[in-house]
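Okay, structure first, notes after.
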Amino acid sequence: MLLDDIKGVGDIKNIDPADYQELAQEIRDFLIEKISRTGGHLGSNLGAVELTMALHLVLNLPQDKLIWDVGHQSYTHKLLTGRREGFDNLRKFGGMSGFPKRKESQCDCFDTGHSSTSISAGLGLVKARDLQGETGTVVSVIGDGSLTGGMAYEALNNAAKLETNFIIVLNDNNMSISENVGGVSKYLNNIRTTDAYLDIKEGIYNTLKDIPKGNKVVEGIRKAKSSFKQLVVPGMFFEDMGITYLGPVDGHNIPAMLRVFQEAKRTRNAVLVHVITQKGKGFLPAERHPARFHGADPFNVETGLPTTPRTTANYTDVFSTVMTKLGARDEKVVAITAAMPDGTGLKRFRNMYPDRFFDVGIAEEHAVTFAAGLAAGGLKPVVAVYSSFLQRAYDQILHDVCIQKLPVVFAIDRAGLVGSDGETHQGIFDLSYLSSIPGIQILAPKNKWELSDMMKYAISLGAPVAIRYPRGEAYAGLKEYRAPIEQGKAELLWAEGEICLMALGSMVKTAWEVKARLNEKGYKCSLVNARFAKPIDQCAVEWAAENHTLVVSMEENVASGGFGEKVRDAMARFKDGEGYLQVALPDEYVEHGNVELLKKEVGIDPETVTERIIKEMESRS
C-alpha cells in the first residue's frame, strides 16, 4: 500500500505523481473503515482528500503554516503528518482529537473547532512572520459555509491591505461542481501572478502617477480592467476588495491544484484560491446524505446505517415535537437556527411552517439580533443553538435582547459535557456567561416532560428566557413529579433531612442516584429540583439550610460563575456559608471522550459525588 510509505510529514512528496489518485483512494478507504468504528466527521474529510494532498505537496510543513477552519476536514492532514496509529482512538478519552491540536503535532499551528476563524488566525501568523523577518507560506482553508460568518469578512477586510503573500483557500463543497469559466479566466490566472506581469503593472502605474493627471489615467485603466474582468472572471467580489482571486479549480484534480497553488505563492498580496469539492466523495451514502455524515456515529460500511440505531428519544427530539406543537397553537412563534436545522431539531418546524423558519447560516451573532428584531416587531422568536456556539453571541444577548427586555427564547442544546468533539464543543460555560446578564431567566429541565413544560412557560412569559438541556437520551424518570413551572420556584422531590441535594437540570437524575446510595449508607437525604439557575429560589435555599446539616449544589457547568455560587451566596445569609458543598466541573477545559467517562474524570458521576458527600459528613462528625 502506498499509505504504508507515509510515516511522517513530507513523505507524500516521495510518491510518484502517477500514483496520486491511488493514494487518494487508499486514504478514503482508510477513513471510511476507521470512522465506521469510532464515529467522526466523515463527509467533510472525504471531500478534502485531494485538496489536502495538494497542499502538503506544495507546502513545507511545519515551516509553512496551514490553518483549517473549524477543523472537521483535518483527518487527511493528520494521516499525512504521521498520525495514522492515532485513528484507532480517534475522539476517545486520551486519544487523538478530531480537530487540529497544537499539542499533537508541530504541523497543527492553530487549534480550531468553531467556524469562520481561519482567515483571522492566518492573518495573525502572516504578520508575526513578517515582523520577525521570517519566511514561509501561510495558508488558511475556509469552507463556503464558514463564509456566512461575519468574522470571515472582518478578516478579509484586513487581509485586503496586505502587501505580502497570504493564501486563502475557499473549499466550496456544494453538491454540484461549477463549470470553469473558460480559457480567458485560465489565461488571466496565469499571467496575473507572474513576476513579469506584476513588475510591468507596478512600473506602469508608478510612471503614470508621476505625470500630471496620471492618477486619473491609472484609475481609468483599473476601472476598464475591472469591467472586462467582470465579464470573464469570477470572484470579482474578492478582487474589488483588493484580494487576488484564482479559480475556480476542481478540488479533486491534484495537478490542477498544484499549478494554482504555485501561482498563488508568487503573489505579493492576499490571494484567494477557489476550490470546488464534493462533500462525502467516494462513499455513496455520504454523497447522498451529507448532513447525516457530517458527524457520524459508528456505521455499517456496506449500508451506511448506524451500527447501534437509536431507539429512544433525545432532548433534541423532544424540543422538535414541542416546537411543532407551539407553532400550531400560536402563529407568532418563529424559529431561528444558525445553519443547523437538523442538529437543533428544527427540521420538522421548517417543513410545517416554512414562512416562520429562518436559517441564517453560520452567524450566531446575527441570529440573536435578528431574533431581537422579530421580537420587537411583535413575534415570539425561539433561537435554537448549541451551548458552545451561543458563546459567540454574548454581546448580542446582553445588548440587543436583555437590555430591551425582549421576549426571545434561547433553546440551548448540547449543554454540559458533549463528549467526542472535546474542548471547543463542551457546553460547560453557558450558566456562567448567561448568569452575568441582568434580566434573563435561565432554566434547565430534569426530564423530557419538564423540557416541554419549560418551553411553554418561556413562550408565554414575554421576557428573555434561556433553557439549557443536554445532548443524548432524554431522561424519562421522575415522571410523577410534575409541579407547574412558577417563576423562580424550585420543586421539592423528596424531604428527609440531614443532607439536601439541590440539583439543576441533568444533575437531577444523578442526584436521584446519589440519594439512593446515601440511603444505603444510612444517611437521610432530601432532593430539590432547582429548575431555575436564575433567579434561584431563595426560599428553597433557606429551607435547605435550616433543616439540613449539609447542602449540596449539583450542576453540569464549571464552578466559576455557575449555579453553585448562587446557592453558596444565598447560604451565607442563613448559615455564614457553613454546611455547603459544591458539585460542579473544575474550571478547566475538558478534553474529548465518552461522556460517562468524562463525568467520572471530572467528578460529577454518582459514585464520586456520593464519596465526596460521605467524606464531608464524616469530617463534620
Are L156 and I119 close enough, and set up right, to give a side chain to side chain contact (heavy atoms under 4.5 Å, CB included), and what steps lead you there?
CA-CA 7 Å; L156 285 169; I119 303 176; 3.9 Å; yes
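- When all heavy atoms of L598 and G593 are compared, the pair lying nearest together is CD1-O, 3.4 Å.
- Atom CZ of F429 and atom OG of S388 lie 8.5 Å apart (nearest 0.5 Å).
- A salt bridge links R83 to D108: one of the charged nitrogens lies within less than 4.0 Å of a carboxylate oxygen.
- Paired with V275 under the rule side-chain contact (heavy atoms from CB on, under 4.5 Å), one option of N253, L170, L55, V169 passes, and it is V169.
- Checked by atom type and distance alone, the side chain of N165 pairs as donor or acceptor with a backbone atom of T267 at under 3.5 Å.
- Under 3.5 Å, the side chains of N557 and S432 contain a donor-acceptor pair of N or O atoms.
- The closest side-chain donor-acceptor pair between T52 and Y75, if any, does not fall under 3.5 angstrom.
- The OH atom of Y386 lies 14.5 Å from the CG atom of D430; values are rounded to the nearest 0.5 Å.
- Listed here is the closest heavy atom pair of H274 and D172: NE2-OD2, 3.0 Å.
- Atom CD of E163 has 12 or fewer neighbouring heavy atoms from other residues, nucleotides or ligands inside a 6.0 Å radius.
- Other residues, nucleotides and ligands place no more than 12 heavy atoms under 6.0 Å from the CD atom of Q106.
- Checked by atom type and distance alone, the side chain of E601 never pairs as donor or acceptor with a backbone atom of L597 at under 3.5 Å.
- Formation of a donor-acceptor pair under 3.5 Å by the Q73 side chain with backbone atoms of A48 is not found in this model.
- With hydrogens and angles ignored, the 3.5 Å screen pairs a side-chain donor or acceptor of E287 with a backbone N or O of G282.
- Between the side chains of N45 and K78, no donor N or O sits under 3.5 Å from an acceptor N or O.
- A donor-acceptor contact shorter than 3.5 Å links the side chain of D64 to the backbone of T137.
- Note on ring orientation: taking the six-membered ring where Trp is involved, the planes of H77 and H56 are tilted (angle from 30° to 60°).
- Side-chain contact between V385 and T344: absent, with no pair of heavy atoms (C-beta onward) separated by less than 4.5 Å.
- Annotation: side chain of F261 is in contact with side chain of L51 (closest heavy-atom distance under 4.5 Å).
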When you look at L66 and V141, which way does the side chain to side chain contact (heavy atoms under 4.5 Å, CB included) test go after all the steps?
CA-CA 8 Å; L66 179 57; V141 181; 3.9 Å; yes
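- If you run side chain to side chain donor-acceptor pair (under 3.5 Å) between H252 and each of E50, Q278, K281, Q21, only E50 comes through.
- You'll find the ring centres of H72 and F99 inside the 6.0 Å limit.
- Shown here for C107 and V9, the closest heavy-atom pair between the two residues is SG-CG2, 3.8 Å.
- At a threshold of 4.5 Å between non-hydrogen side-chain atoms, the residues L147 and Y153 count as touching.
- The heavy-atom pair separating D69 from S118 by the smallest distance is OD1-N, 2.7 Å.
- With contacts defined as side-chain heavy-atom distances shorter than 4.5 Å, the pair L434/I412 qualifies.
- Interatomic distance, CD1 of I32 versus CZ of F283, reported as 5.5 Å (0.5 Å rounding).
- In this structure, H592 contributes its side chain and G419 its backbone to no donor-acceptor pair below 3.5 Å.
- The side-chain heavy atoms of R129 and K65, taken from C-beta on, include no pair separated by under 4.5 Å.
- Here the closest heavy-atom approach between residue L346 and residue A384 is recorded as CD1-CB, 3.7 Å.
- Between the CZ atom of R392 and the OG atom of S116 there is a distance of 5.5 Å, given to the nearest 0.5 Å.
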Using the side chain to side chain contact (heavy atoms under 4.5 Å, CB included) rule, take E556 and K599 through it: C-alpha gap first, then chi angles, then the decisive distance, then the call.
CA-CA 9 Å; E556 197 171 338; K599 285 183 177 180; 3.9 Å; yes
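- The nearest pair of heavy atoms linking Y433 to S387 is OH-O, 3.1 Å.
- With rounding to the nearest 0.5 angstrom, the CD1 atom of I440 is 9.0 Å from the OG atom of S435.
- Here the side chains of E423 and E591 are in contact, with some heavy-atom distance below 4.5 Å.
- Within the 4.5 Å cutoff, side-chain heavy atoms of I168 are placed close to those of I142.
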Any chance you could lay out the side chain to side chain contact (heavy atoms under 4.5 Å, CB included) test for D359 and T337, step after step, and finish with the verdict?
CA-CA 5 Å; D359 185 347; T337 184; 3.9 Å; yes
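- Aromatic ring pairs are classed by plane angle as parallel below 30°, tilted from 30° to 60° and perpendicular above 60°; the pair Y245 and F238 is parallel.
- Looking at R471 and D413, no side-chain N of the basic residue comes within less than 4.0 Å of a carboxylate O on the acidic one, giving no salt bridge.
- Here the CD1 atom belonging to I428 is positioned 9.0 Å from the CD atom belonging to E588, to the nearest 0.5 angstrom.
- Heavy atoms from other residues, nucleotides or ligands lying under 6.0 Å from NZ of K127 number 12 at most.
- Looking at heavy atoms from C-beta onward, F87 lies out of side-chain contact with T38 at the 4.5 angstrom threshold.
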